[in-house]
Amino acid sequence: MTTEQTIPNQDENQIITERRAKLTALRNAGIAFPNDFERKNLSGDLHTAYGEMSHDELATAHVSVAVAGRMMLKRVMGKASFATVQDMSGRIQLFISNGDTGEEAHSAFKHYDLGDILGASGVLFKTKTGELSVRVSQIRLLTKALRPLPEKFHGLTDQEQKYRQRHVDLITNEDARRVFTIRSKVIQSIREFFMRHDYLEVETPMMHAIPGGASAKPFVTHHNALDMEMFLRISPELYLKRLVVGGFEKVFEINRSFRNEGLSTRHNPEFTMIEFYEAYRDYKYMMDFTEKLFCEVSRKVLGTTVITYQGREIDLAKPFERLTMTQAIRKYHPQFSDAQLNDRDFLINELEDLKAKYNTKDALGGLQLSLFEELAEHQLFEPTFIVDYPVEVSPLARSSDTHPGVTDRFELFIVGREIANGFSELNDPEDQEARFDAQVLAKEAGDEEAMFKDADYIRTLEYGLPPTAGEGIGIDRLVMLLTDCASIRDVILFPQMRPEI
RNA sequence: GGGGGAAUAGCUCAGCUGGUAGAGCAGCGGACUCUUAAUCCGUUGGUCCGGGGUUCGAUCCCCCGUUCCCCCA
């Protein structure tokens with residue numbers, strides 16, 4: 001809405017200059033950006049309704065249509081032309097000729113450029129090669145595109161440009177449209193699943209005075225009026241459990257959370273997950289529930305539970321395997337005995353040999369986890385729940401009644417990546433306070449990802465959190481799986497990038 | 001953070017261990033009334049990512065930097 005002409009001279013080129021001249025001519029001739037074209041038909045609907053009709057049937061039916069879209073292909077043959085326009089539902093071919101539109105309109109059309117947005121009305125017909133097309137009687141330029149599109153055959157292939165100029169990627173690459181359409185449907189079907197199970201969708205704060213609910217470094221910001229440091233949330237967990245205390249016994253939030261860590265093919269600093277909590281359930285129920293969810297989402301969105309990821313097939317309808325960490329290690333490294341995997345000195349020796357990262361102060365469970373991450377995690381291609389996480393890395397999970405040092409917790413791995421994390425919630429306020437205190441000690445000892453003590457959350461638990469199970473599922477990673485994308489940037493519309501200049 | 005790769009016309013890409021750059025598409029002009037990445041003829045278009053260095057001469061070799069991609073932590 002600015003009247004100021006902001007022309008980026010530095011990347012002005014001949015093509016843009018010529019298109020600008022065409023725009024100037026349009027301005028001089030009248031309204032250059034009209035807003036009165038009434039689009040009546042989508043190309044996809046027309047193909048569905050009339051695609052199967054013969055040339056003669058269509059001629060008899062005499063179907064009048066008005067379509068609009070971006071011109072993607074253009075073939076001029078003297079007194080007649082073909083153009084392909086693309087709208088939100090697909091593409092349709094236009095036939096423009098002196099005989100149908102008059103020579104003046106057709107001549108004007110010849111100066112339209114690929115990328116321009118057109119509106120056309122006319123009658124449906126089939127070409128002699130059988131392609132459903134519009135015999136155009138009136139055609140208008142609705143929006144002049146000043147910048148040229150990428151090459152019509154290859155589209156945009158430069159990864160950086162695909163991410164930085166996602167609109168161009170979406171215009172030219174059908175696969176990009178496919179991925180983000182699937183993403184939308186995945187979220188929709190997840191929401192439907194939870195609605196059907198009587199969950200309440202809620203929104204909790206994204207700005208936290210105390211970042212909690214996960215072990216991660218937060219982004220820091222500042223509230224001016226309150227003059228206080230605030231954090232972008234790393235997880236909505238503690239707020240959602242407050243709501244369970246409040247009596248909302250089944251809640252979920254499809255949330256954006258933020259973690260101040262590096263960027264990679266698996267990490268974007270802001271990411272989408274769903275967290276959900278259900279009272280009077282345990283972590284075992286959540287595993288069953290998760291299997292149902294994954295199966296249903298895949299079936300609804302893709303029409304099948306059998307997916308192919310990077311060349312390998314997975315059937316989400318098959319029961320997900322459930323292993324403890326040591327079982328998973330032994331599955332891929334049968335040379336280890338149970339006794340060895342329960343021997344601190346042995347584990348430390350192995351981790352040293354592997355040059356793996358681990359915390360020397362860790363108890364047995366922490367060391368097992370380090371070895372699991374080193375030797376087994378990346379091999380878990382088939383969906384696998386790893387159960388019985390150690391207490392020291394699970395400060396919000398309920399302790400096992402039968403195995404000291406272990407919590408009622410699982411993580412789900414598919415294609416070697418963590419995709420979900422759930423547990424029976426710790427609802428003993430005194431135990432929770434002790435766990436927070438342990439986290440504070442870890443933080444003081446230099447663990448930047450250790451949790452803060454949240455006294456308000458303890459007070460909340462003191463009102464009584466019913467026995468509850470909760471879980472978080474990484475939606476970006478789930479979408480990667482369902483769309484066969486290798487990089488998280490391929491499933492995030494605008495992934496975080498370094499500034500261009 | 002470490003290692004490897006990439007950056008050349010608006011886009012997709014060539015460019016021979018050194019001699020100031022080419023093709024296709026797009027654009028512009030022309031021919032063409034059923035094309036399908038239309039075709040045919042002609043033609044415009046370059047900060048070879050940026051900055052230093054070596055050299056008579058650098059897109060090419062060396063150093064520094066920027067961004068992206070891949071692998072590792």
Side-chain angles (χ1 to χ4, degrees), chain A residues 8-23 25 55 58-59 70-86 91-103 105-107 109-116 122 124-136 144-169 171-174 217 261-267 310 351 354-358 370 373-374 377-378 416 448 485-490 495-501:
Chain A
N9 281 318
Q10 60 274 24
D11 62 354
E12 234 15 40
N13 61 46
Q14 187 190 1
I15 292 176
I16 294 176
T17 304
E18 273 163 5
R19 290 185 177 214
R20 255 183 224 290
K22 290 179 183 179
L23 175 60
H55 176 276
L58 265 178
R70 193 181 294 275
M71 181 161 67
M72 304 302 292
L73 296 169
K74 178 187 174 192
R75 296 177 285 278
V76 175
M77 299 163 298
K79 297 186 182 63
S81 301
F82 285 96
T84 302
V85 292
Q86 175 170 292
R91 292 180 170 195
I92 193 158
Q93 181 170 262
L94 308 180
F95 178 74
I96 305 105
S97 70
N98 285 2
D100 296 311
T101 63
E103 189 175 348
H106 184 224
S107 296
F109 164 81
K110 289 178 190 175
H111 295 284
Y112 295 177
D113 292 302
L114 295 184
D116 287 353
L124 287 181
F125 77 111
K126 279 247 168 118
T127 63
K128 67 182 181 190
T129 51
E131 179 166 348
L132 184 70
S133 309
V134 180
R135 184 182 298 281
V136 172
K144 184 71 198 165
L146 293 177
R147 290 183 181 269
L149 290 180
E151 203 218 15
K152 60 191 172 189
F153 186 60
H154 296 94
L156 191 63
T157 62
D158 183 77
Q159 285 297 332
E160 184 173 358
Q161 293 310 312
K162 283 164 72 76
Y163 300 148
R164 289 193 195 276
Q165 303 213 64
R166 184 65 88 182
H167 49 284
V168 181
D169 186 32
I171 289 169
T172 55
N173 294 2
E174 184 171 359
K217 279 185 272 184
E261 53 199 23
L263 296 90
S264 78
T265 49
R266 291 173 295 280
H267 296 88
Q310 309 292 296
L351 288 164
L354 291 164
K355 297 187 175 77
K357 253 193 186 172
Y358 69 99
S370 296
E373 287 173 347
E374 191 68 24
E377 178 173 331
H378 302 293
E448 287 182 280
C485 284
S487 170
I488 198 168
R489 294 189 187 120
D490 292 323
Q496 195 61 49
M497 303 285 279
R498 283 189 171 79
E500 266 184 281
I501 312 159

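We name chains A, B, ... by the order of the sequence lines, and we start the count at 1 in each one. Treat the numbers as computed from the prediction; the structure is a model and nothing was measured.
A donor N or O paired with an acceptor N or O is not found under 3.5 Å between the base of B/U12 and the side-chain atoms of A/Thr157. Counting atom types as modelled, A/Gln93 pairs a side-chain N or O with a base atom of B/U35 as donor and acceptor under 3.5 Å.
Nucleotides B/U44 and B/G29 place their P atoms 15 Å apart, quoted to the nearest Å. Between the P atoms of B/U17 and B/U55, the separation comes to 23 Å (whole Å). The C1' atoms of B/U66 and B/A21 are separated by 24 Å, rounded to the nearest whole Å. B/G22 and B/U54: their P atoms are spaced 29 Å apart (whole Å). Spacing of C1' atoms, B/G30 relative to B/C13, comes out at 28 Å, to the nearest Å. Separation of the P atoms belonging to B/G57 and B/U39 is 46 Å when rounded to the nearest angstrom. Comparing the P positions of B/C16 and B/C60 gives an interatomic distance of 12 Å, to the nearest angstrom. Comparing B/A14 with B/A23, their C1' atoms are spaced 7 Å from each other, to the whole Å.
The residue A/Gln161 sits apart from the nucleic acid: no heavy atom pair falls under 4.0 Å. No contact: A/Thr172 has no heavy atom under 4.0 Å from any strand. Note on A/Gly155: only backbone sugar-phosphate atoms sit closer than 4.0 angstrom, heavy atoms only; bases stay farther off. Backbone-only engagement by A/Lys22 is indicated by non-hydrogen atom pairs under 4.0 Å involving sugar-phosphate atoms exclusively.
In this structure, the side chain of A/Gln86 engages the main chain of A/Ile171 through a donor-acceptor pair within 3.5 Å. For A/Gln165 (side chain) and A/Val168 (main-chain N/O), no donor-acceptor pair under 3.5 Å exists by modelled atom type.
Applying the 90° criterion around 0 to the glycosidic angle, B/U39 comes out anti.
Nearest nucleotide to the side chain of A/His154, out of B/C69, B/U67, B/U12: B/U12. Listed nucleotides: B/G10, B/U67, B/U35. Nearest to the side chain of A/Ile15: B/G10. Side-chain atoms of A/Gln159 lie closest to B/C69 of the nucleotides B/U67, B/C69, B/C34. With B/C68, B/C28, B/C25 as the candidates, the nucleotide lying closest to the side chain of A/Arg489 is B/C68. Distance from the side chain of A/Val76 is smallest for B/C32 among the nucleotides B/G27, B/U35, B/C32. When distances are taken from the side chain of A/Tyr163 to each of B/U33, B/C11, B/C68, the shortest belongs to B/C68. Residue A/Lys128 places its side chain closer to B/U35 than to any other of B/G29, B/G10, B/U35. Taking only side-chain atoms of A/Pro148, from C-beta outward, the nucleotide of B/C34, B/G10, B/G27 with the closest atom is B/G10. Across B/C11, B/C34, B/C68, the shortest atom-to-atom separation from the side chain of A/Met77 is found for B/C34. Closest to the A/Glu18 side chain, of the nucleotides B/C25, B/C28, B/U35, is B/C28.
Look at A/Arg135 and you won't find any side-chain N or O under 4.0 angstrom from OP1 or OP2 of B/C34. Between A/Asn13 and B/G10, a side-chain N or O to OP1/OP2 separation shorter than 4.0 Å is present. Taking only side-chain nitrogens and oxygens, A/Arg147 never comes nearer than 4.0 Å to OP1 or OP2 of B/G10. An OP1 or OP2 oxygen of B/G27 is reached within less than 4.0 angstrom by no side-chain nitrogen or oxygen of A/Arg19. When the side-chain nitrogen and oxygen atoms of A/Arg498 are compared with OP1 and OP2 of B/U66, none of them lie within a distance under 4.0 Å. Here A/Lys152 reaches the OP1 or OP2 of B/A26: one of its side-chain N or O atoms lies under 4.0 Å away. Of the side-chain N and O atoms in A/Lys162, none sit less than 4.0 angstrom from OP1 or OP2 of B/U12. For A/Arg75, no side-chain nitrogen or oxygen approaches OP1 or OP2 of B/U35 to under 4.0 Å.
Mapping A/Lys79 and A/His111 onto RNA chain B by nearest heavy atom places A/His111 at the nucleotide closer to the 5' end. Toward the 5′ end of RNA chain B lies the nearest nucleotide of A/Ser133, the other residue of the pair A/Leu73 and A/Ser133 mapping further downstream.
Using cut-offs of 30° and 60° on the angle between ring planes, the pair A/Phe109 and A/His106 is parallel.
Pairing of B/A21, defined by two Watson-Crick or G-U wobble distances under 3.5 Å, is not identified with any nucleotide.
Heavy atoms only, all atoms of each residue included: A/Asp490 and A/Cys485 are closest at CB-SG, 3.8 Å.
Here A/Ile92 contributes atom CD1 and A/Thr84 contributes atom OG1; the two are 9.5 Å apart, rounded to the nearest 0.5 Å. Separating the OG atom in A/Ser107 from the CD1 atom in A/Ile96 is a distance of 12.0 Å, to the nearest 0.5 Å.
No side-chain heavy atom of A/Ile488 sits less than 4.5 Å from a side-chain heavy atom of A/Pro495.
One interatomic measurement links the two molecules: CD of A/Gln14 to P of B/U43, which rounds to 15 Å at whole-angstrom precision.
With A/Asp113 as the fixed residue, the salt bridge (charged side-chain N to carboxylate O under 4.0 Å, His left out) test singles out one of A/Arg70, A/Lys22, A/Lys74, A/Arg147: A/Lys22.
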